[in-house]
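Heads up, the thing below is written out as structure tokens.
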Number of protein chains: 2
Amino acid sequence: MPGLKLPRMTKQRRAILAALQGDTSHPTAEEIYLRVKRELPHISLATVYRNLRRLAEEGLVQEIPTPHGPARYDPTTRPHYHFLCDECGRVYDVRLAVQNRFHHELALQGFKVRAHEMMFYGLCPACNRQNAQS
Amino acid sequence: MPGLKLPRMTKQRRAILAALQGDTSHPTAEEIYLRVKRELPHISLATVYRNLRRLAEEGLVQEIPTPHGPARYDPTTRPHYHFLCDECGRVYDVRLAVQNRFHHELALQGFKVRAHEMMFYGLCPACNRQNAQS
DNA sequence: TTCAATGCAAAATTTTTGCACGCTA
DNA sequence: TAGCGTGCAAAAATTTTGCATTGAA
């Protein structure tokens, strides 16, 4: 069996996981680092990156690559989609029916799908309103 | 009107556009650079990046951010989806019905959608077969 | 003729890695 | 106590920028 070796529950890993719990802001590694640093002042950014990568491999967090900026991290493991605002750069969770049927269709084409991600680009409600006013 | 100023058709821009035409391999900026360099030996990587960014803003090419690797570029402007192989790293175009209905649903939620991108992760047909055999 | 676009080099940004040491299991 | 995970610093990888010059319109 392939199987990942069980990771040690270090205080750094625990703190990173805790910092992400219930967070819907899709923070970058740097933002998570600053947050966790308040509890563990000696933690290094490299450790944050190493843990986030590991957590993503384990499927405990989702890594979201973005154009022209650092990756963002999402603690929500259940499939859902994202919206990146062209103007303010914020990433939103988006409530849309997830298309599991796609996995099946791709299986028929020979692909073995592990995960998928959808990103919408445009103006978020806040920025959209502001643009309409001016 | 917002409106982009018309870009000058320099030989660099023309060559980059030409290198991308009909290409379905989703090359990186570096790969495009090496390709175009054969025609224009003095072109610089910075120029390739500047042009690709401009072309993406104009909607003439699509920029595809990927986890743990450089962005990839796709000349196909009509909406379609992608598959990134965990094993070989290749990016495939994927034939699935594009969900325009999503734009409408998001509009109801206050978002103004300009574009969207879906990325599937897993094993491509070639790598899938190899793994099954061994 | 004008000024947007280029080439080059340097810098900025983001992420990864080598290594000695500390801490979890 | 074994060896995984850490901190630190340095490096790698990717992308952007400053500036003098070129060339498309």
Side-chain angles (χ1 to χ4, degrees), chain A residues 3-20 26-58 60-74 84 89 91, chain B residues 2-20 26-58 60-74 84 86 89 91:
Chain A
L4 256 6
K5 207 160 290 174
L6 286 186
R8 291 186 180 175
M9 186 51 75
T10 62
K11 52 184 188 298
Q12 292 85 347
R13 179 179 163 103
R14 186 164 26 241
I16 290 166
L17 233 16
L20 235 24
H26 308 88
T28 63
E30 176 93 33
E31 287 165 347
I32 295 166
Y33 167 66
L34 292 173
R35 221 175 277 180
V36 169
K37 211 173 183 334
R38 297 197 296 249
E39 305 254 326
L40 304 174
H42 291 296
I43 197 174
S44 83
L45 183 52
T47 293
V48 173
Y49 270 108
R50 274 186 292 237
N51 273 277
L52 288 173
R53 183 161 201 174
R54 189 54 132 57
L55 289 167
E57 282 163 8
E58 296 164 32
L60 294 183
V61 310
Q62 198 192 338
E63 181 177 330
I64 308 167
T66 69
H68 310 130
R72 291 160 169 282
Y73 296 87
D74 189 326
L84 171 57
V91 174
Chain B
L4 256 4
K5 207 161 292 176
L6 285 188
R8 292 188 180 172
M9 185 51 76
T10 63
K11 52 185 190 293
Q12 291 85 348
R13 180 179 161 103
R14 187 168 20 245
I16 290 166
L17 233 16
L20 234 24
H26 308 88
T28 64
E30 176 93 31
E31 286 165 348
I32 295 165
Y33 166 66
L34 291 174
R35 219 175 279 180
V36 169
K37 211 173 184 332
R38 297 198 294 248
E39 303 257 326
L40 303 174
H42 291 295
I43 197 173
S44 83
L45 183 52
T47 294
V48 174
Y49 270 109
R50 274 186 291 236
N51 273 279
L52 288 173
R53 184 161 200 174
R54 188 54 131 58
L55 290 168
E57 282 163 8
E58 296 165 33
L60 294 183
V61 310
Q62 199 191 338
E63 181 178 330
I64 308 166
T66 69
H68 310 131
R72 291 161 168 281
Y73 296 86
D74 189 327
L84 172 58
D86 288 335
V91 174

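Chain identifiers are assigned alphabetically (A, B, ...) following the order of the sequence lines, protein sequences preceding nucleic acid strands; residue numbering begins at 1 within each chain. All values reported here derive from a predicted model rather than from experimental measurement.
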First encountered from the 5' end of DNA chain C, between B:H68 and B:T10: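 Going by which nucleotide is closer to the 5' end, it is B:T10.
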5' priority, DNA chain C, between A:K11 and A:E63 [closest heavy atom]: A:E63
Measuring from [X]:[atom1] to [Y]:[atom2], what's the distance to the nearest 0.5 Å?
{"X": "A:E57", "Y": "B:D86", "atom1": "CD", "atom2": "CG", "result": "10.0 Å"}
{"X": "B:L20", "Y": "B:I32", "atom1": "CG", "atom2": "CD1", "result": "4.5 Å"}
{"X": "B:R13", "Y": "B:R50", "atom1": "CZ", "atom2": "CZ", "result": "14.0 Å"}

Distance-only donor-acceptor test, B:R8 side-chain atoms vs C:dA5 base atoms, 3.5 Å: no
[X] has an atom [atom1]; how far is it from atom [atom2] of [N], in whole Å?
{"X": "B:R13", "N": "D:dA25", "atom1": "CZ", "atom2": "P", "result": "10 Å"}
{"X": "B:I16", "N": "C:dA5", "atom1": "CD1", "atom2": "P", "result": "12 Å"}
{"X": "A:R14", "N": "C:dA25", "atom1": "CZ", "atom2": "C1'", "result": "12 Å"}
{"X": "B:N51", "N": "D:dT17", "atom1": "CG", "atom2": "P", "result": "15 Å"}
{"X": "A:L45", "N": "D:dG5", "atom1": "CG", "atom2": "C1'", "result": "16 Å"}
{"X": "B:L52", "N": "D:dT16", "atom1": "CG", "atom2": "P", "result": "10 Å"}
{"X": "B:Y49", "N": "C:dG7", "atom1": "OH", "atom2": "C1'", "result": "16 Å"}
{"X": "A:K37", "N": "D:dT6", "atom1": "NZ", "atom2": "C1'", "result": "14 Å"}

Closest heavy-atom pair and its distance - B:V91, B:H26: O-ND1, 3.0 Å
Residue B:P70, side-chain heavy atoms: nucleotide from D:dT14, D:dG7, C:dT15 that is nearest: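 Closest of the options to the side chain of B:P70: D:dT14.
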Intermediate values then yes/no, side chain to side chain contact (heavy atoms under 4.5 Å, CB included), B:E63 and B:Y73: CA-CA 5 Å; B:E63 181 178 330; B:Y73 296 86; 3.6 Å; yes
Please tabulate, one pair per line, each protein N/O and nucleotide N/O from nucleotides 8-11 of chain C that are separated by under 3.5 Å, including the distance.
{"residue": "C:dC8", "atom": "OP2", "partner": "B:H42", "partner atom": "O", "Å": "3.4"}

Check: A:P70 main-chain N/O paired with A:T66 side-chain donor or acceptor under 3.5 Å: yes
Backbone of B:T28 reached by a side-chain donor or acceptor of B:E31 within 3.5 Å: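 Yes: the side chain of B:E31 pairs with the backbone of B:T28.
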Distance test, side-chain N/O of B:R53 to OP1/OP2 of D:dT16, below 4.0 Å: yes
Nearest-nucleotide 5' precedence on DNA chain D, A:L40 against B:Q12: A:L40
